[in-house]
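Computed from a predicted model, the values in this text were never measured in an experiment.
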Amino acid sequence: MIAHVDMDSFFVSVELLRRPDLRGRPVIVANGTSARSRGVVMTASYEAREFGVHSALSLAVAHRRCPQAILVPSDMRLYRRASKAVMDIFAEFSDTLEVAGLDEAYLDLSGSIAPKTRAREMKHLVRQRTGLTCSVGLGSNKLLAKIASDLEKPDGLSVLDETEMPDRVDGLSARIIPGVGPKTEQRLSGVGVQTVGDLARIEFELLADAVGRNHARGLQARANGQDGRQLEPVREPKSESRETTFDRDISDLEWLGARIDELAGEVCASLSRGCRAGRTVTLKAKLASFQTLTRSRTLPHHTRDPDEVARLGRELLDVLDAAEPLRLIGIGLSGLRRDGESPPPTVDDGPALRLDLDAA
DNA sequence: TCTGGGGTCCTAGGACCC
DNA sequence: TCTGGGGTCCTAGGACCC
């Protein structure tokens with residue numbers, strides 16, 4: 001039995017621990033400090049959600065929908081500490097824990113005789129030790145557990161059996177299926193798919209024409225509750241990046257170059273702390289028109305030298321030759337390797353493949 | 001009405017190699 | 001002289017997730 005734990009309006013709930021006076025009021029945690037800044041809602045309290053305020057909504061719109069909302073600037077260091085505290089509690093309930101973000105995790109409760117009781121105990125302990133609530137879903141795989149945790153929120157606990165899937169989920173929007181985002185939802189709508197049930201039963205070829213064969217296979221399996229993924233307790237990072245959105249759109253190359261220097265410095269400092277280095281440097285730019293461009297270059301060696309990364313970043317900015325001012329710029333490194341780790345073997349390093357024709 | 005930041009995975013074409 | 005084909009790496013873009 002797999003459990004999926006999802007902390008309830010996590011960032012807001014953590015803020016309320018130090019601002020109890022705000023409890024019961026519409027609260028928004030955002031990366032911007034005013035309704036005029038170019039920010040979005042990171043988390044909205046349930047009181048704010050009543051007004052149609054939700055994650056990723058622009059602050060300008062959020063403010064229009066709920067002018068009385070209290071805007072709290074985000075404090076990621078605090079949320080990371082709180083996250084660590086709750087993950088430590090989860091770890092007391094299972095040896096197999098997959099952290100799936102600051103506010104969610106999967107646990108393997110197969111070793112437990114009464115998983116639902118264990119889950120209830122875990123929710124209790126989280127509330128007792130941290131003052132935070134969470135919603136837990138139980139299922140025979142990650143997908144069912146994840147869907148289950150969404151069925152009763154906040155402070156929920158629900159079990160979703162594969163055989164109950166049609167009864168409890170078929171009528172819900174296909175959007176609850178992981179992998180169905182705004183674009184896929186539109187394409188699905190084009191072939192008459194609105195609900196999970198529609199997706200589960202649509203003729204495969206029709207679905208494949210709409211979203212591609214590969215995607216179609218995965219989506220239809222999920223709509224039927226099937227998911228073969230294992231928990232992944234340890235995940236090696238594959239890339240690391242920093243980006244920043246400006247208060248206003250910028251064309252000044254010298255000024256942009258200075259931002260690249262700063263971002264490269266931050267990425268390299270962080271990689272250094274994690275004893276990692278990368279081979280591919282990627283420059284990301286978002287134009288005033290919102291189009292996103294990337295330019296990348298792969299080095300023959302791994303690096304976390306801020307000067308080298310910044311120099312490459314500036315070169316890539318020249319190559320980019322943007323025709324519009326930029327609203328965002330970012331620098332990332334991928335192809336990461338931990339210090340002392342041998343590079344992945346190339347074909348030449350392996351033993352020669354020998355065909356023993358005589359043996360046949 | 002205006003759209004963050006940090007990630008993952010997938011696709012597709014071209015280069016290159018055997 | 002119309003045609004190899006498979007595998008891997010690199011680059012760019014897109015969708016999605018939290």
Side-chain angles (χ1 to χ4, degrees), chain A residues 4 6-7 9-11 28-33 35-43 52-65 73-74 76 79-80 83 99-105 142 146 149-150 175-188 211-219 222 229 232 235-247 249 263 266-267 270 279-300 316 319-320 327-336 343-348 350 352-353:
Chain A
H4 178 253
D6 199 338
M7 302 303 297
S9 52
F10 187 54
F11 297 171
I28 293 171
V29 169
N31 48 0
T33 48
R36 274 182 306 284
S37 69
R38 285 178 151 176
V40 298
V41 175
M42 298 174 81
T43 309
V53 175
H54 55 81
S55 297
L57 191 69
S58 78
L59 285 185
V61 176
H63 179 72
R64 207 165 308 125
R65 292 190 184 171
S74 61
M76 295 310 295
Y79 312 147
R80 271 191 282 272
S83 177
V99 176
L102 285 182
D103 70 337
E104 65 181 86
K142 288 170 77 171
K146 168 98 179 159
S149 71
D150 252 326
R175 269 306 289 272
I176 71 161
I177 299 297
V180 180
K183 300 285 181 184
T184 302
E185 183 184 26
Q186 261 194 324
R187 286 180 200 148
L188 291 180
V211 303
R213 300 191 79 78
N214 235 341
H215 204 189
R217 257 191 297 275
L219 291 182
R222 268 168 263 168
R229 290 173 303 162
E232 288 183 66
R235 303 201 56 173
E236 286 292 310
K238 308 207 161 162
S239 66
E240 181 155 350
S241 62
R242 290 291 183 280
E243 65 187 52
T244 180
T245 295
F246 316 129
D247 293 338
D249 302 336
L263 295 168
E266 287 176 31
V267 172
S270 173
R279 271 183 69 214
T280 302
V281 176
T282 301
L283 175 83
K284 172 177 169 180
K286 198 181 277 188
L287 307 183
S289 61
F290 230 71
Q291 185 189 7
T292 300
L293 303 175
T294 62
R295 292 293 177 271
S296 65
R297 197 127 116 220
T298 300
L299 296 165
L316 291 168
V319 172
L320 185 74
R327 63 176 288 131
L328 167 151
I329 204 154
I331 284 286
L333 262 92
S334 54
L336 298 188
T346 63
V347 176
D348 291 344
L353 176 67

Atom-to-atom span, CG of A:Asp6 to P of C:dC18 - whole angstrom | 8 Å
Report the distance from atom CZ of A:Arg38 to atom CZ of A:Arg327, rounding to the nearest 0.5 Å.
-> 4.0 Å
With side chains defined as the heavy atoms from C-beta onward, is the minimum distance between A:His4 and A:Lys142 less than 4.5 Å?
-> no
Have a look at A:Leu102 and say if it touches a base, only the backbone sugar-phosphate, or nothing, with a 4.0 Å heavy-atom cut-off.
-> nothing
Could you state the atom-to-atom distance from OH of A:Tyr79 to P of B:dG5 in whole Å?
-> 15 Å
Pick the nucleotide of DNA chain B nearest each of A:Arg327 and A:Arg64; which residue has the one closer to the 5' end?
-> A:Arg64
Which heavy atom in A:Thr43 sits nearest to a heavy atom in A:Ser55, and how many Å separate them?
-> CA-OG, 4.2 Å
Under 3.5 Å on both distances, the Watson-Crick or G-U partner of B:dG13 = C:dC10
If you round to the nearest 0.5 Å, how far is CG of A:Leu283 from OG1 of A:Thr294?
-> 8.5 Å
Does anything in residues 235-244 of chain A reach DNA chain C, meaning a heavy atom under 4.0 Å, and if so which residues?
-> none
Whole-Å distance separating the CZ atom of A:Phe246 from the C1' atom of B:dG4 = 13 Å
Verify the contact: side-chain N or O of A:Thr298 to OP1 or OP2 of C:dC9, cut-off strictly under 4.0 Å; return yes or no.
-> no
Please work out if A:Met42 contacts a base, only the sugar-phosphate, or nothing of the nucleic acid, heavy-atom cut-off 4.0 Å.
-> base
In this structure, CD of A:Glu266 is separated from CZ of A:Arg242 (nearest 0.5 Å) by 6.0 Å
Taking only side-chain nitrogens and oxygens of A:Arg65, does any of them come within less than 4.0 Å of OP1 or OP2 of B:dT1?
-> no
Rounded to the nearest Å, what distance is computed from the CG atom of residue A:Leu57 to the P atom of nucleotide B:dG5?
-> 16 Å
Mind checking whether A:Ser241 and A:Lys284 have side chains closer than 4.5 Å, heavy atoms only?
-> no
Taking CG from A:Asp103 and C1' from B:dG6, how many angstroms apart are they, rounded to a whole number?
-> 14 Å
Euclidean distance, atom CG of residue A:Leu299 to atom C1' of C:dT11 [Å, nearest integer] | 14 Å
Report which part of the nucleic acid A:Ala30 touches: base, sugar-phosphate, or nothing (heavy-atom distance under 4.0 Å, all strands).
-> nothing
Take atom CZ of A:Arg297 as the centre, draw a 6.0 Å sphere, and report whether it contains more than 12 heavy atoms from other residues, nucleotides or ligands.
-> no
Shortest non-hydrogen separation from A:Met42 to A:Ala30 and the atoms involved = SD-C, 3.9 Å
Got a second to check how far A:Ser334's OG is from A:Glu240's CD, nearest 0.5 Å?
-> 11.5 Å
Can you tell me if the side-chain N/O atoms of A:Arg279 get under 4.0 Å from OP1 or OP2 in C:dC9?
-> no
Gap between atom CD of A:Glu243 and atom CG of A:Leu328 - 0.5 Å precision | 5.0 Å
Select from A:Ser270 and A:Phe290 the residue whose nearest nucleotide in DNA chain B is closer to the 5' end of that strand.
-> A:Phe290
Distance test, side-chain N/O of A:Asn214 to OP1/OP2 of B:dT11, below 4.0 Å | yes
Could you run down nucleotides 12-17 of chain C 5' to 3' and tag each one B, S or - for protein heavy-atom contact under 4.0 Å?
-> SS-SSS
Taking the same atom, P, in C:dC17 and in B:dC2, what whole-Å distance lies between them?
-> 26 Å
Roughly, in whole Å, what's the span from CG in A:Asp247 to P in B:dC2?
-> 16 Å
